[in-house]
Each structure stands twice: as C-alpha cells, then as structure tokens.
Amino acid sequence: MLKNKICIIGLGYVGLPLAHAFSFKYDVIGFDIYQLRIDELKNAFDKTLELNEKQVQEALKNNIKFTSNTKDIQDCNIYIVTVPTPIDKNKRPDLTPLIRASETIGKVLKKDDIVIYESTVYPGATEEDCVPILEKFSNLKFNKDFYCGYSPERINPGDKEHTVTKILKVTAGSTPEIGKKVDELYASIITAGTHLAPTIKVAEAAKVIENSQRDINIAFVNELAIIFNKLGINTSDVLKAASTKWNFLPFKPGLVGGHCIGVDPYYLTHKAQQIGYNPEIILAGRRLNDNMGIYVANQVIKLMIKKGHKIEGSKVLVLGITFKENCPDIRNSRVIDVIEELQEFGCDISVYDSWADKEEVKEEYNIKLENIIKIEKYKAIVLAVAHDEFKTLDLSNQDNSVVYDIKSILDKFDARL
Ligand SMILES: NC(=O)c1ccc[n+]([C@@H]2O[C@H](COP(=O)([O-])OP(=O)(O)OC[C@H]3O[C@@H](n4cnc5c(N)ncnc54)[C@H](O)[C@@H]3O)[C@@H](O)[C@H]2O)c1
C-alpha cells in the first residue's frame with residue numbers, strides 16, 4: 001500500500017468508481033451522508049450500476065471502509081470531494097452539497113492535508129467558495145497549512161468502455177508543488193494518463209466548457225431538426241450524408257437531460273453574468289435544448305390529429321424515462337417535459353422503463369411506471385430513450401397509432417426528431 005490515506009466524500013456515479021480504483025493502491029475511506037447508500041455498498045450493491053457486485057466486493061477486499069461517520073475520516077491526509085453540483089429552480093448553481101462537504105472536511109482537516117475537488121463547478125469555485133469554508137472550520141491557513149487540488153471527472157454514466165482509469169484526467173494544484181503531487185496521485189491509478197493544468201481555475205474552466213461545447217453542438221442539430229422537419233426532410237438522413245465529410249462533427253438531435261450537459265453550462269453562464277458579461281451563444285443553446293421536449297410533444301399532437309385521433313383522454317405510451325440509454329439515472333430527465341406537455345393537451349400518459357427505479361420515479365416525477373408494455377392500446381407511442389430492449393420492438397401492426405421516434409432507432413415510425 002502507498003502511504004496516502006484517501007477519503008472520498010460522496011459515493012455516487014463519480015465517487016464510488018474512483019474509490020474502487022484507488023483502493024487497489026491506497027487505504028481508502030468512502031464517506032457519504034446517505035446511510036442507505038452506505039448499507040447497500042457494505043452489502044456489495046451499487047444501485048447506480050457503475051460497479052457490479054464483483055467490483056464492490058473487490059473494493060471491500062481491498063479494505064475500503066464505507067461510512068457515514070465523520071470520526072472514521074479523521075486520520076486521512078487526502079480528501080476528494082465528489083458531491084453533486086445541481087442547479088436550483090432558477091437555474092442558478094446550488095453549491096449547498098459542496099459547502100456542506102467542505103464543512104465536514106474543515107472539521108477534520110490537519111496540517112499538510114490536501115483537499116481535491118472533482119465536482120463540476122465554475123472557474124473560481126474551489127478557491128473562492130470552498131477554501132474560505134475549509135479555513136473557517138479548520139482554523140488553518142490555505143497554502144500554508146493545507147492545500148487544494150482540482151481534478152474534474154469525465155466519466156459517462158452507463159458507459160462500460162470509458163471507465164474512470166481509462167479516461168485521461170486533468171489535474172491541478174493550489175501551488176506548483178501540490179499540482180505535481182495531485183498529478184502523481186492520479187497518475188498512479190489512471191492508465192490513460194494525466195494532464196497537469198497550470199492552475200485550479202484552468203482545470204475548473206476546462207471541465208465546464210467540455211460539457212458546454214457538447215450542449216451547444218446538440219442545440220445546433222436540434223435547430224436543424226426543427227428546420228428540416230418544416231422542410232419535410234429527414235434529419236438523420238441529412239446528418240448521415242454530411243458525416244461523410246472528414247471534419248463534420250457527428251452530433252445527433254435529442255432531449256438534453258442528466259446532471260452534466262443540461263446543467264453545467266449554467267455554472268459557466270452564472271459566473272459570466274456575475275462579472276458583467278451576458279453569454280449569448282451558451283444561453284441560446286440552453287434555451288433551445290430546454291424547449292425540445294415541448295417541441296416533440298407538439299409534433300406528436302399534430303400527427304395524432306392528422307390520423308384523426310381525438311386528443312382529450314387519448315392514451316399515449318412513453319418508452320423510457322431515464323436521461324440516457326441503458327442506465328438507471330433519472331436525474332434531470334427531460335422526458336418529463338414531453339410528458340407534461342402531452343398531459344396539458346389532455347392525453348392519458350403511460351410510461352414504461354425497466355431501467356428506472358419505480359419508487360425513485362414516483363418520488364421525483366409523480367409517475368407510476370408500467371410493469372409491462374401493451375403496445376396495442378395506444379393512440380401514440382413516443383420512443384424517448386434508446387434502451388437496447390426498445391430497438392427490437394415490434395410495431396408492425398401500429399398503423400393507426402402515431403409512432404414518434406426521438407432517438408431514431410425504430411424500423412417503423414411516423415416521425416423522428
Ligand atoms: N455522473 C457523471 O457521470 C458525472 C461525470 C462527470 C462529472 N460529474 C460531476 O461529479 C459530481 C458528482 O456527481 P455524481 O453523478 O457522482 O452525483 P451523485 O448524486 O451520483 O452522487 C453524489 C453522492 O454524494 C452524496 N452527498 C451529497 N452531499 C454530501 C455531503 N455533504 N457529504 C457527503 N456526501 C454527500 C450523495 O448522498 C450521493 O451519494 C457532480 O459535480 C457532477 O456534475 C458527474
């Protein structure tokens with residue numbers, strides 16, 4: 001075992017795989033405030049499905065300790081923060097989990113400890129928002145008694161190919177010397193290599209623009225989809241043809257949900273507005289993507305009317321509620337926008353998704369998921385998420401119902417995005 005004792009704060013999609021990876025080389029404590037999560041992990045169950053049972057067992061065999069007790073994290077010398085960074089109702093950054101985690105660490109911080117943040121933030125959040133909390137709760141001085149690092153996470157929920165150690169990782173430290181230490185720490189587990197950024201702010205900015213760039217590119221193809229739909233041209237055929245050029249970027253239209261692409265740009269725009277600059281392109285992209293669910297629902301309604309269906313009370317099936325395919329993550333799923341808009345027209349919506357947790361969906365969206373799909377009885381079917389199981393759906397006898405294929409995966413459809 002190498003000599004660092006690492007505490008990972010927040011054992012979600014990001015924190016747990018990281019704790020597992022570090023556990024092969026270091027003493028690791030996995031800390032989370034959510035007791036049920038700790039109990040499940042102790043029983044080798046990861047409900048995010050990022051780690052399978054064997055992998056959680058491996059971590060346990062490597063002596064990882066899962067805990068919600070702050071006493072257990074007192075003698076660590078490296079604290080890595082992987083708590084959520086959501087937005088509030090007004091689409092402003094909600095730093096509460098980050099602040100709370102910093103308070104927890106501040107209470108146990110000792111001389112020469114390093115606190116590394118992985119959560120996605122705006123440039124400046126680590127040094128301007130978190131460091132003062134660490135100083136206040138520890139009575140220690142930043143860059144004299146303790147140090148900070150930032151290393152943004154790039155994993156992609158549900159992606160079993162690009163797992164944490166196989167993705168090149170950006171690192172940074174609050175002094176050049178600490179930067180090197182942070183970089184060495186990650187280089188010891190990341191087989192894909194590391195990139196040491198010159199400052200923490202550079203690393204924070206790099207992460208937030210990666211997702212903002214994707215958001216804007218998707219907004220562009222979503223806009224194209226709206227234009228081509230009006231022109232009666234199939235967007236996926238256009239994109240397929242254009243993709244034959246070597247430098248055409250292969251983005252696809254769709255709903256932009258989840259806790260990264262649909263959220264992170266607001267961190268950047270918040271910071272920009274704070275310093276008096278109103279971002280034009282980033283916010284336009286966000287507006288466009290945030291309105292796609294309403295657009296899809298209106299298209300479905302028009303098609304239903306064309307097929308002669310009465311809208312009020314008509315049964316509509318929505319396939320998929322998670323924010324992306326083959327993954328149980330329902331956070332910030334924009335499928336809900338399609339559902340709510342269809343409900344406003346008076347449609348009676350059923351939702352099927354075998355990946356999503358029924359209780360979570362009920363709690364988060366007040367939707368009771370169906371146990372099985374009974375395709376026959378619906379006036380419209382909206383394929384919202386490209387789960388593998390939907391790719392082989394037999395819709396051959398659906399002449400009278402509208403099939404709207406948001407993800408362009410079905411053989412038989414009336415419209416695609
Ligand atoms: N999910 C991804 O694929 C992904 C990819 C790159 C970056 N990120 C970023 O990483 C961060 C974490 O995301 P996630 O998807 O792992 O979140 P998550 O919601 O899956 O997990 C966060 C965990 O932190 C715990 N937590 C919350 N407050 C805490 C506190 N004060 N102390 C200890 N634990 C606390 C929660 O109980 C939860 O288990 C976010 O900033 C996110 O934007 C996520």
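Heavy-atom basis, side chains included; hydrogens, waters and symmetry copies ignored. Index from 1, following the sequence.
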Looking at Glu50 and Gly158, what are the two nearest heavy atoms and their distance? OE2-N, 2.9 Å
Student check: side-chain heavy atoms of Arg331 and Tyr13 closer than 4.5 Å: yes
With Asp46, which of Gln55, Arg37, His20 fulfils side chain to side chain donor-acceptor pair (under 3.5 Å)? Arg37
Arg154 and Glu118: salt bridge (charged side-chain N to carboxylate O under 4.0 Å, His left out), yes or no, with the steps? CA-CA 10 Å; Arg154 288 170 157 166; Glu118 285 220 7; over 6 Å; no
Where do Leu303 and Ala415 come nearest, in terms of heavy atoms and distance? CD1-CB, 3.5 Å
Please say whether more than 12 non-hydrogen atoms of neighbouring residues, nucleotides or ligands are located less than 6.0 Å from CG in Asp348. yes
Return yes if a side-chain donor-acceptor contact under 3.5 Å exists between Asn63 and Asp27, otherwise no. no
Decide yes or no for Ile321 and Val385: does some side-chain heavy atom of the first lie under 4.5 Å from some side-chain heavy atom of the second? no
Show, in sequence, the C-alpha distance, side-chain angles and deciding distance for Lys307 and Asp414, and conclude whether the salt bridge (charged side-chain N to carboxylate O under 4.0 Å, His left out) test is met. CA-CA 11 Å; Lys307 283 206 176 184; Asp414 294 283; 3.1 Å; yes
Show, in sequence, the C-alpha distance, side-chain angles and deciding distance for Asp159 and Lys166, and conclude whether the salt bridge (charged side-chain N to carboxylate O under 4.0 Å, His left out) test is met. CA-CA 11 Å; Asp159 185 339; Lys166 295 189 198 137; over 6 Å; no
Sequence neighbours excluded, the answer for salt bridge (charged side-chain N to carboxylate O under 4.0 Å, His left out) partners of Glu204 is none
Tell me which pairs pass side-chain hydrogen bond (donor to acceptor under 3.5 Å, both in side chains) where either residue lies in residues 242-254, with sequence neighbours left out. Lys245-Asn247
Is the CZ atom of Phe345 crowded by more than 12 outside heavy atoms at less than 6.0 Å? yes
Distance only, no hydrogens: is a donor on one side chain within 3.5 Å (strictly under) of an acceptor on the other, for Lys271 and Gln274? yes
Going by atom types only, do Asp113 and Asn77 share a side-chain donor-acceptor pair under 3.5 Å? no
Distance-only side-chain donor-acceptor flag, Ser102 / Tyr117, under 3.5 Å: yes
Closest non-hydrogen atoms of Cys148 and Leu134, given as atom of the first, atom of the second and distance, are SG-CD1, 3.8 Å
Sorted by chain and residue number, the ring pair (Phe, Tyr, Trp, His ring centres under 6.0 Å) partners of Phe390 (sequence neighbours excluded) come out as His387
After noting the C-alpha distance and the side-chain angles of Asn217 and Gln213, does the key distance pass the side-chain hydrogen bond (donor to acceptor under 3.5 Å, both in side chains) rule? CA-CA 6 Å; Asn217 279 303; Gln213 187 187 60; 4.8 Å; no
Between Thr322 and Asp329, is there a side-chain heavy-atom distance shorter than 4.5 Å? no
Take Asn234 and Ser236 through the side-chain hydrogen bond (donor to acceptor under 3.5 Å, both in side chains) test and state the conclusion after the steps. CA-CA 6 Å; Asn234 184 318; Ser236 51; 2.8 Å; yes
Can you list everything that forms a salt bridge (charged side-chain N to carboxylate O under 4.0 Å, His left out) with Glu325? Sequence neighbours excluded, please. none
Report yes or no: do Asn229 and Tyr295 form a side-chain donor-acceptor pair below 3.5 Å? yes
Could you check if a side-chain atom of Phe251 sits within less than 4.5 angstrom of a side-chain atom of Leu239, using non-hydrogen atoms only? no
Lys412 atom NZ, over 12 foreign heavy atoms within 6.0 Å: yes
Asp357 bridged to Lys47 by N-O distance under 4.0 Å: no
Does Val318 reach the side chain of Tyr352, with side-chain heavy atoms less than 4.5 Å apart? no
Set of ring pair (Phe, Tyr, Trp, His ring centres under 6.0 Å) partners for Tyr266, sequence neighbours left out: none
Note: Lys89-Asp94 ion pair, threshold 4.0 Å (strictly below): no
Does the side chain of Lys169 pick up a donor-acceptor pair with the side chain of Ser151 at under 3.5 Å? yes
Could you tell me if the side chain of Trp355 sits less than 4.5 Å from the side chain of Asn326, heavy atoms only? yes
Please check if atom NZ in Lys358 has more than 12 non-hydrogen atoms from other residues, nucleotides or ligands closer than 6.0 Å. yes
Does either side chain, that of Glu127 or that of Ser174, offer a donor lying less than 3.5 Å from an acceptor on the other one? no
Using a strict 4.0 Å threshold on nitrogen-to-oxygen distance, state whether Glu210 and Arg214 make a salt bridge. no
Answer yes or no: are there more than 12 heavy-atom neighbours, outside Lys54 itself, under 6.0 Å from its atom NZ? no
Side chain to side chain, Ile330 and Tyr365, heavy atoms closer than 4.5 Å: yes
If you define the side chain from C-beta out and look only at heavy atoms, does anything of Asp32 sit under 4.5 Å from Ile8? no
Side-chain ion pair, Arg416 and Asp405, N-O less than 4.0 Å: yes
Between Asn156 and Lys324, a side-chain donor and acceptor under 3.5 Å: yes
Evaluation steps, side-chain hydrogen bond (donor to acceptor under 3.5 Å, both in side chains), between Glu153 and Thr82: CA-CA 9 Å; Glu153 188 48 68; Thr82 52; over 6 Å; no
Asn366 and side chain to side chain donor-acceptor pair (under 3.5 Å): which single residue from Glu363, Glu364, Lys362 fits? Lys362
Pick one: which of Leu109, Val131, Ile78, Ile9 meets side chain to side chain contact (heavy atoms under 4.5 Å, CB included) with Val115? Leu109
Counting only heavy atoms not in Leu168, do more than 12 fall under 6.0 Å of its CG? yes
For His270, enumerate each residue passing the ring pair (Phe, Tyr, Trp, His ring centres under 6.0 Å) test, keeping only those at least two apart in sequence or located in another chain. Tyr122
Which atom of Gly320 lies closest to which atom of Val335, heavy atoms considered: O-CG1, 3.4 Å
At their closest point, which heavy atom of Gly285 faces which heavy atom of Asp215, and how far apart are they? C-OD2, 4.3 Å
Side-chain donor-acceptor pair present, Lys25, Asn62, cut-off under 3.5 Å: no
Do Glu128 and Lys201 meet the salt-bridge criterion of a basic N to acidic O distance under 4.0 Å? yes
Do Lys240 and Asp237 meet the salt-bridge criterion of a basic N to acidic O distance under 4.0 Å? no
Do we see a donor-acceptor contact under 3.5 Å between the side chains of Asp183 and Thr194? yes
Would you say the side-chain atoms of Lys302 and Asn298 include a donor-acceptor pair closer than 3.5 Å? no
Are the charged groups of Asp290 and Arg287 less than 4.0 angstrom apart, N to O? no
